[in-house]
Amino acid sequence: MKGLKQSSQVVFMFCILSLLVLPNLVASECTCDKSEETHDKAKALKFKIVALVSILVASTIGVCIPLLGKIIPAISPEKDIFFLIKAFAAGVILATGFIHVLPDAFENLTSPCLSDHPWGDFPFTGFVAMCTSMGTLMVDAYATTYFQKSHLQKAQVAVTDVEREEEDAGNNEVELHTHVTHGHAHGHVSSNKSSELLRHRVISQVLELGIVVHSVVIGITLGASMNSETIRPLVAALTFHQFFEGMGLGSCITQAKFRRLSVIVMGLFFSLTTPVGIAVGIGISNVYDDNSPTALIVEGIFNAASAGILIYMALVDLLAADFMNPKMQKNSKLQIGANISLLLGAGFMSLIAKWA
């Protein structure tokens with residue numbers, strides 16, 4: 001559990017560092033012709049404030065809906081409807097990676113504002129996304145293995161202590177054998193449950209990292225924009241976007257069964273990241289140039305990395321885990337419902353890309 005807390009601290013420190021460092025990296029001089037935009041600072045600022053408030057509210061509601069399972073039994077993780085909600089949310093996250101984030105990364109890293117060497121010589125976007133996906137797999141596997149071994153060692157020590165206590169008490173061989181056998185069986189069941197719980201905790205933290213990195217980028221980009229005609233459609237699109245992403249993250253946090261304080265911190269961190277990014281973008285709007293090489297490279301790499309994380313998490317840790325779950329495998333109606341929910345989530349999020 002100590003290692004889990006350390007990993008949580010690393011995730012939060014990385015996200016805070018992103019908020020602090022990214023604005024400085026993108027605030028550089030323009031070396032490419034700016035597009036002709038109608039700049040109305042007062043009108044743009046009004047839309048930015050509306051976006052900040054609406055995204056904050058939508059993110060909070062979205063991440064809280066799955067967490068209400070303790071109060072509303074109908075949406076608890078043990079119910080069939082939870083599989084449908086999670087499938088819909090996974091479709092949203094998958095579409096976010098493929099339709100929203102990855103194309104933005106390609107656009108950034110293939111911009112004519114960048115030099116042909118090396119950016120035109122190699123597909124950096126796909127490479128970064130691929131490396132991030134493999135890195136996520138490695139972190140996922142090693143973290144899960146570490147926590148499983150740690151818990152197994154504790155369980156073995158506990159069983160050994162029970163055996164020694166029984167021997168010291170002078171119990172007969174039959175009673176000792178019965179108790180030890182029961183102890184091993186109980187330890188095995190407990191170990192399986194704890195391993196599954198730790199697995200969900202690793203998934204929720206890695207998923208939040210991928211979502212937060214993307215949220216920082218879109219928040220700063222929106223906040224720094226001076227074109228009210230560009231910001232207006234983004235307000236509605238990003239509000240729905242953050243709402244459904246929040247549902248996906250909230251579903252994972254619910255299954256992880258964190259302590260109340262950890263749940264509040266993770267929920268608040270997700271809800272506040274994009275609004276804080278917008279506020280930072282407003283603060284640097286006078287020096288920010290989204291066509292500068294530095295801005296394009298930093299945003300492109302961040303977007304590509306975020307896309308790799310989101311695509312991996314949606315396919316492997318959310319969809320594959322649930323669709324191969326024995327409960328769903330034995331229920332054909334639940335399978336059909338989950339597939340429909342997945343298609344609806346991915347389709348709805350893909351439609352939002354038209355306005356985003």
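Under the 4.5 Å side-chain heavy-atom criterion for Ile, Leu, Val, Met, Phe, Trp and Tyr, Leu249 and Val316 are members of the same hydrophobic cluster. Linking Ile, Leu, Val, Met, Phe, Trp and Tyr residues whenever their side-chain heavy atoms come within less than 4.5 Å leaves Phe323 and Leu343 in two separate clusters.
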(Q) Between Lys333 and Asp80, is the salt bridge (charged side-chain N to carboxylate O under 4.0 Å, His left out) condition met? List the steps. (A) CA-CA 10 Å; Lys333 290 184 179 180; Asp80 289 348; over 6 Å; no

Q) Stepwise, does the ring pair (Phe, Tyr, Trp, His ring centres under 6.0 Å) test hold for Phe348 with Phe88? A) CA-CA 10 Å; Phe348 189 79; Phe88 183 89; 7.1 Å; no

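Residues Tyr312 and Leu137 have side chains in contact (heavy-atom distance under 4.5 Å, counting atoms from C-beta outward). Taking 4.5 Å as the limit, every side-chain heavy atom of Lys257 sits out of range of all side-chain heavy atoms of His200. Considering only heavy atoms from C-beta on, Ile253 comes within 4.5 Å of Leu67 through its side chain. In this structure, Leu310 and Leu207 have side chains that are in contact, with non-hydrogen atoms separated by less than 4.5 Å. Between Ile99 and Met349, the closest side-chain pair of non-hydrogen atoms is not below 4.5 Å. Between Asp322 and Lys86, some side-chain heavy-atom pair lies under the 4.5 Å cut-off. Within the 4.5 Å cutoff, the side chain of Gln242 has heavy atoms near those of the Phe270 side chain. For the pair Met313 and Ile93, the minimum side-chain heavy-atom distance is 4.5 Å or more.
Ring-plane geometry between Phe240 and Phe244 is classed as parallel, the angle between the planes falling under 30 degrees on a 0 to 90 degree scale with a further cut at 60.
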Acceptor/donor pairs from residues 53-60 side chains to any protein atom, 3.5 angstrom cut, sequence neighbours excluded:
residue : atom : partner : partner atom : Å
Ser54   : OG   : Val50   : O            : 2.9
Ser54   : OG   : Ala51   : O            : 3.2
Ser54   : OG   : Thr239  : OG1          : 3.2
Ser59   : OG   : Ile55   : O            : 2.7
Thr60   : OG1  : Leu56   : O            : 2.8
Thr60   : OG1  : Ser271  : OG           : 3.4

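Minimum heavy-atom separation, Gly210 to Ser306: O-OG, 2.8 Å.
Heavy-atom neighbours of Phe122 CZ from other residues, nucleotides or ligands within 6.0 Å: above the threshold of 12. Within a 6.0 Å radius of NZ in Lys46, no more than 12 heavy atoms belonging to other residues, nucleotides or ligands are found. Annotation for Glu107: atom CD does not count as buried by contact number, only 12 or fewer foreign heavy atoms lying within 6.0 Å.
Take Phe106 and apply the ring-ring contact (aromatic ring centres under 6.0 Å, His included) test, not counting sequence neighbours, and it matches no residue.
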